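We're numbering straight along the sequence, starting at 1. This is a predicted model, so every value here is computed, not measured. Both counts, for ligands and for their atoms, begin at 1 and track the order of listing.
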Amino acid sequence: MENKAELIVALDVPNREAMEAKLRELPGFIEWYKVGLELFCAEGPAVLEPLKKEGKKIFLDLKLHDIPRTVGHAVKTAAAHGVNLMTVHAIGGRVMLEEAAKAAAECEKPPKLVAVTTLTSLGQDDFTDLGIRRTVSEQALELGRLAIGSGIDGLVTSAHEAKVLRAEFPDALLVTPGIRMPEGDVGDQKRVATPSYAVGQGATHLVVGRPIVQAADPAAAATAMLNDMNR
Ligand code: C5P
């Protein structure tokens, strides 16, 4: 199956047992999996082994944000576990981002790094609380400039911001969560988009959790997503 963008399935489950049970239900053609904070904190790096054994690509979504040295070392350590893609917070600042990019580049198998500009859970009211006077989209663009200018490979963004970011950063990876089929259940996501819309706006990687992982037929749900991506 050929795609302009990659499909990444988010393994949002509490432990390894639940992950392995899920993997047995999920179709073999899924190449990318995302492991997040919950699963990684529960099980540590050993949780990546079943994925590596199956030759899967791993997106380790730990959203690193700390002093530059700590983030640099965390990137190196994670890369040694064989992950392909990782997240950092752009708000960590230029030196932290540069340190992360440098650390990745020095790895034997360098992971790609993508920066979160603004958590999708934050709205304009939260910005006021935080003393940020920009709009959410201005913040995405400005922090995007900071991250890409610091050597980060790409950005995590809602599909709705992707077009502007693609125009500004023609070569960046754009990772879009919040993907739903037109008839899909939105859950707690606020800014959702269909797979074909996200691809059309310039996304390179689509992150999908519940619509595939919790589907009665995960293979059919994943196939429908891929078909929509290819439209
Ligand atoms: O189940 P659903 O498809 O909504 O899952 C989306 C995944 O993407 C979750 O793992 C969520 O943590 C992640 N994510 C997100 N919004 C962001 C960053 C990551 O929904 N801004």
Side-chain angles (χ1 to χ4, degrees), residues 5-15 18-19 22-23 25-26 30 32-43 47-48 51 56-65 83-92 112-124 126-127 136-137 139-141 143-144 147 152-162 164-165 172-199 201 203-216 218 221-222 224-226 228-229:
E6 307 271 3
L7 174 67
I8 305 180
V9 173
L11 287 168
D12 293 327
V13 293
N15 53 43
M19 180 188 91
K22 253 327 146 195
L23 287 175
E25 284 176 29
L26 290 162
I30 294 172
W32 277 90
Y33 282 102
K34 177 171 98 74
V35 172
L37 279 168
E38 182 187 9
L39 188 53
F40 199 74
C41 288
E43 303 284 356
V47 78
L48 306 176
L51 297 171
K56 302 300 180 190
K57 292 185 184 147
I58 300 173
F59 174 18
L60 185 61
D61 184 18
L62 301 182
K63 298 188 178 69
L64 301 174
H65 181 192
V83 308
N84 306 87
L85 184 64
M86 292 184 68
T87 38
V88 293
H89 267 289
I91 199 81
K112 296 285 185 193
L113 299 179
V114 285
V116 178
T117 54
T118 301
L119 291 171
T120 42
S121 53
L122 297 180
Q124 211 62 51
D126 300 292
F127 272 35
V136 173
S137 45
Q139 180 80 340
L141 196 54
L143 290 187
I152 300 298
D153 302 292
L155 304 168
V156 182
T157 174
S158 105
H160 300 280
E161 265 78 54
V164 171
L165 297 175
L173 303 178
L174 291 181
V175 177
T176 57
I179 301 297
R180 294 292 182 272
M181 293 300 281
E183 68 284 0
D185 182 7
V186 170
D188 60 355
Q189 293 282 17
K190 288 187 187 139
R191 311 199 67 213
V192 299
T194 62
S196 55
Y197 180 83
V199 174
Q201 300 298 294
T204 56
H205 295 74
L206 277 58
V207 178
V208 183
R210 288 161 290 183
I212 292 177
V213 171
Q214 293 181 8
M225 286 279 173
L226 286 167
D228 197 77
M229 284 166 70

Inset, instruction - Return yes when atom NZ of K112 has more than 12 non-hydrogen atoms of other residues, nucleotides or ligands closer than 6.0 Å, and no otherwise. - result: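 Open.
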Check each N or O atom of ligand 1 against all protein N or O atoms and list the pairs under 3.5 Å, with atom names and distances to 0.1 Å, one per line.
unit_1   : atom_1 : unit_2 : atom_2 : d
ligand 1 : 1 (O)  : R210   : N      : 2.7
ligand 1 : 1 (O)  : R210   : NE     : 2.7
ligand 1 : 3 (O)  : R180   : NH1    : 3.1
ligand 1 : 3 (O)  : G209   : N      : 2.8
ligand 1 : 4 (O)  : R180   : NH2    : 2.9
ligand 1 : 4 (O)  : Q189   : NE2    : 3.0
ligand 1 : 4 (O)  : R210   : NH2    : 2.8
ligand 1 : 10 (O) : D12    : OD1    : 3.2
ligand 1 : 10 (O) : D12    : OD2    : 2.7
ligand 1 : 10 (O) : K34    : NZ     : 3.0
ligand 1 : 16 (N) : T120   : OG1    : 3.2
ligand 1 : 20 (O) : Q189   : NE2    : 2.8
ligand 1 : 21 (N) : T120   : OG1    : 3.1

Inset, instruction - State the CD-OG1 distance between E6 and T204, to the nearest 0.5 angstrom. - result: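 If I round to the nearest 0.5 Å, the distance is 8.0 Å.
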Inset, instruction - Could you pull out the closest heavy-atom pair between K56 and I30, with the gap in Å? - result: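 Shortest heavy-atom separation between K56 and I30 comes out as NZ-O, 2.8 Å.
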Inset, instruction - Please name the residue in the list V9, N84, L7 that meets the side-chain contact (heavy atoms from CB on, under 4.5 Å) test with W32. - result: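 That would be N84.
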Inset, instruction - For the pair T87 (side chain) and L62 (backbone), establish whether a donor and an acceptor sit closer than 3.5 Å, ignoring hydrogens and angles. - result: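 Confirmed, T87 side chain pairs with L62 backbone.
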Inset, instruction - Say whether, by atom type as modelled, one donor and one acceptor occur between the side chain of D126 and the main chain of G123 under 3.5 angstrom. - result: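 Looks like yes, one N/O pair under 3.5 Å.
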